[in-house]
Amino acid sequence: MGEATTMSGRSARAERAERWRAQLRFRLWHAAVVGWLLALAMIAGISGAGEERQLLPDTDDTMRAVQVLRWIDGAGWRDLSEPRLSPPEGVITHWARLPDMPIAAVVLAAEPIVGRKGALVAAAYVVPAGLLLAAMAAVAWAAVPFGAATARAAPVLAAFCPPFLAKFFPGALDHHNWQLILSALLVGAVLRICASDRPLSAFAVTGLAGAAGLWIGGEMLPWIAVAYGALAFCWCADPRWPARRGLSAATAITVVAVPLLWLVMPPGLGAGHCDAFSPAYAAYAAAGIPFWLMLACVEGRVGGVAGRVAATVAAALAVVAVFMLFFPECRAGPLGAIPPELREAWLARVSEARGFASVVARTPGIAVQLALLPVLGLICCAVRGASRRADAPLWRVQAFFLLIAVGLCFSQVRLLPFANLFALTPAVWLLLWLWGRLAGHPVGGRAVARAMLLLAFTPIPYAMALPKGAPVKAPRICDARAVGDALAGGDARNAPLIAAPIDMGPALLLRTPASVLAAPYHRNVDGNMDLIGIMRAQVDNARDIVRRRGVDFMAVCTSLAEIDGYAATNPQGLAARLSAGDPPPWLAPVPTPGDAALRLYRILPD
């Protein structure tokens with residue numbers, strides 16, 4: 001009788017727990033949808049309706065569209081080459097097919113109805129909006145370990161976070177929004193692994209998110225290292241926390257990444273490529289296995305936090321040394337193959353590759369808006385993590401992700417969306433705590449105070465009150481359709497080769513049938529170096545490079561700072577002469593009435 005009663009009680013508790021989980025899932029989806037709708041309203045208010053030419057303002061988004069259309073037109077699953085970039089060899093891009101899939105699906109579905117041009121416009125709206133909903137759900141799921149209320153509120157605050165929303169604007173077809181979603185899932189899974197005794201679903205999410213992020217690109221590399229480090233912190237701080245959990249997490253990523261690599265790796269890439277998903281990336285993920293095996297071997301033999309920290313550092317150094325021994329090409333990083341001249345002429349101009357200090361110096365008001373949530377999140381994590389509460393280890397894990405992201409922002413500002421993503425949960429918790437402190441005030445005053453409090457956690461008042469600094473003129477890439485119109489009467493079977501500014505390359509590939517010499521991608525070293533050589537060289541030397549590469553047309557976009565840089569380097573060079581409207585005799589002007597800043601020239605035969 002007693003045993004039956006006990007079993008009945010356990011069954012009732014399990015049923016109640018399952019009901020609670022079902023209700024929580026429903027409420028989280030409800031919160032994600034609410035945050036999604038708010039975010040769409042914010043995006044519409046910031047960006048406006050947008051014209052077609054403004055849908056793909058970023059070179060990476062444009063190049064993503066070029067890659068998708070080539071896939072639709074018959075390129076193979078593993079064929080990530082772009083033969084029209086720096087022909088005749090072409091360039092194998094460092095991207096992945098995963099972000100291509102929803103874009104291709106929308107284009108294929110809409111093309112019979114509205115044509116390819118209209119289908120691409122539809123994809124530019126539909127795909128970022130769909131990924132935004134997935135991101136809101138991931139943000140809510142990642143916040144669950146800190147309470148249901150925090151999880152439900154997190155998507156709402158995310159809707160007012162411009163660095164996060166910027167990756168989901170119309171036309172955001174590149175992979176950065178995918179990496180935000182996967183990083184949120186990875187953080188949520190690591191928190192669950194640290195806190196739970198049987199985090200089976202968290203191991204699955206860790207494996208899928210980590211491997212998918214590696215497949216998409218190198219942005220996932222630091223977060224996998226941080227994930228291993230956060231789990232190692234849990235092992236160091238709590239003697240009861242077993243190393244097998246970290247081993248299971250590393251195994252989960254490796255088990256997914258290794259067969260995935262076999263399915264997707266483009267032919268012709270060597271094992272040592274460190275700028276894309278390759279054996280080096282798979283080995284990077286798998287390095288967690290020997291790391292955790294070493295910690296498991298010393299588990300129980302080292303006493304105290306200091307001993308465990310020493311063991312962790314020793315194991316990490318050993319794993320890093322072995323990795324570098326097997327993959328020496330990775331010592332210089334993913335961009336190590338870029339020559340110094342190309343770094344100076346191109347990479348140094350890329351705004352997202354600059355540090356956060358440059359943003360502070362040029363636009364301090366905007367810098368405050370970008371750093372608002374990370375600062376609030378760090379304060380909250382520091383206070384909660386230093387307490388003796390049961391959830392203090394979770395706050396330390398969250399702080400670890402956030403602190404690393406903030407530190408990396410001082411190297412590259414493009415990591416600000418990740419810093420704001422990791423700051424959402426602690427900032428929301430702090431907002432709700434302050435919100436609750438106002439509960440004892442009169443109704444009218446409480447409503448006003450809470451509205452002002454919510455506003456203080458958004459960049460809106462700071463954007464209105466703080467000086468934005470000196471205006472920064474955004475470079476405008478000339479309209480490539482004007483080039484397409486000028487080339488319309490040519491032989492479609494023999495696509496001409498255009499030597500144009502590096503930043504114009506993707507737009508020309510999308511809007512015209514022509515090939516281009518240069519585009520803003522580090523693997524196109526030869527084409528980019530030849531373009532720089534043409535623009536900076538004296539007229540006769542430039543003619544020699546043009547003849548060697550078989551260039552048919554030259555284009556100059558005077559609204560790009562790139563051209564000004566070439567002219568400043570050599571005031572007597574070809575770029576300076578073309579900017580001044582003084583072409584050499586071997587260049588014949590071609591009318592481009594669609595864009596006053598665009599100058600197109602035909603190469604005359606010798």
Side-chain angles (χ1 to χ4, degrees), residues 57-59 85-86 338-354 358 362 470-480 482-483 486 496-508 514 516-522 524-604:
D58 185 80
T59 55
L85 176 55
S86 189
I338 300 179
E341 185 179 359
L342 185 55
R343 288 179 182 271
E344 175 266 328
W346 163 58
L347 197 60
R349 296 185 294 100
V350 179
S351 58
E352 66 178 16
R354 297 171 181 168
S358 66
R362 300 176 67 183
V472 179
K473 182 181 178 182
R476 184 186 70 83
I477 299 176
C478 291
D479 190 356
V483 178
L497 174 61
I498 302 178
I502 292 175
D503 286 340
M504 272 194 74
L508 289 171
V516 299
L517 191 61
Y521 302 104
H522 63 274
N524 185 35
V525 172
D526 292 341
N528 289 342
M529 289 296 295
D530 283 338
L531 186 279
I532 294 171
I534 291 171
M535 291 295 184
R536 288 179 170 179
Q538 299 292 102
V539 170
D540 292 340
N541 294 335
R543 180 70 175 103
D544 292 339
I545 302 175
V546 165
R547 186 185 298 111
R548 173 171 57 82
R549 291 304 305 253
V551 176
D552 300 296
F553 291 87
M554 284 203 62
V556 172
C557 182
T558 58
S559 60
L560 285 176
E562 178 184 345
I563 299 300
D564 297 335
Y566 297 144
T569 301
N570 184 4
Q572 306 303 319
L574 181 61
R577 290 189 58 171
L578 295 181
S579 296
D582 180 27
W586 48 273
L587 291 179
V590 178
T592 53
D595 194 326
L598 176 64
R599 295 171 185 173
L600 183 65
Y601 302 92
R602 182 188 302 275
I603 310 296
L604 298 178

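Computed over heavy atoms, backbone and side chain alike; hydrogens, waters and symmetry mates excluded.
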Value rounded to 0.5 Å, distance of CD1 in I563 from OG1 in T558: 8.5 Å
Separation of L531 CG from D526 CG (nearest 0.5 Å): 12.5 Å
Distance-minimising heavy-atom pair for L517 and S86: O-CB, 3.8 Å
Close side-chain approach of I534 and V546, heavy atoms under 4.5 Å: yes
Minimum side-chain heavy-atom gap L598-S559 below 4.5 Å: no
Gap between atom CD1 of I477 and atom CD1 of I502 - 0.5 Å precision: 11.5 Å
Heavy-atom check, side chain of F553 versus side chain of V483, under 4.5 Å: no
Over 12 non-hydrogen atoms of neighbours within 6.0 angstrom of CZ in R354: yes
Min side-chain heavy-atom separation V551-R549 under 4.5 Å: yes
Distance, nearest 0.5 Å, that separates OH of Y601 from OG1 of T592: 9.0 Å
Closest heavy-atom pair and its distance - E341, I532: OE2-CG2, 4.0 Å
Distance, nearest 0.5 Å, that separates CG of D503 from CG of L560: 6.0 Å
Backbone of A588 reached by a side-chain donor or acceptor of R602 within 3.5 Å: no
Heavy-atom donor-acceptor pair, D595 side chain to D479 backbone, under 3.5 Å: yes
Shortest non-hydrogen contact from A575 toward Y566: CB-CB, 3.6 Å
Closest non-hydrogen atom pair, A576 against P571: CB-O, 3.2 Å
CD1-CE distance between I545 and M529, expressed to the nearest 0.5 angstrom: 9.5 Å
Flag side-chain contact, heavy atom, 4.5 Å: M535 against M554: yes
Partners meeting side chain to side chain contact (heavy atoms under 4.5 Å, CB included) with A500 (sequence neighbours left out): I498, M504, L508, A555
Contact summary for A345 and R536, nearest pair of heavy atoms: CB-NH2, 3.4 Å
Salt bridge flag under 4.0 Å for residues R547 and D544: yes
Sub-4.5 Å side-chain heavy-atom contact between I603 and R543: yes
Backbone N/O of A519 and side chain of N528: donor-acceptor pair under 3.5 Å: yes
Closest contact, heavy atoms only, A542 versus L574: CB-CD2, 3.8 Å
4.5 Å side-chain heavy-atom contact, W346 and H522: yes
Residue pair R599 / S579, side-chain donor-acceptor N/O under 3.5 Å: no
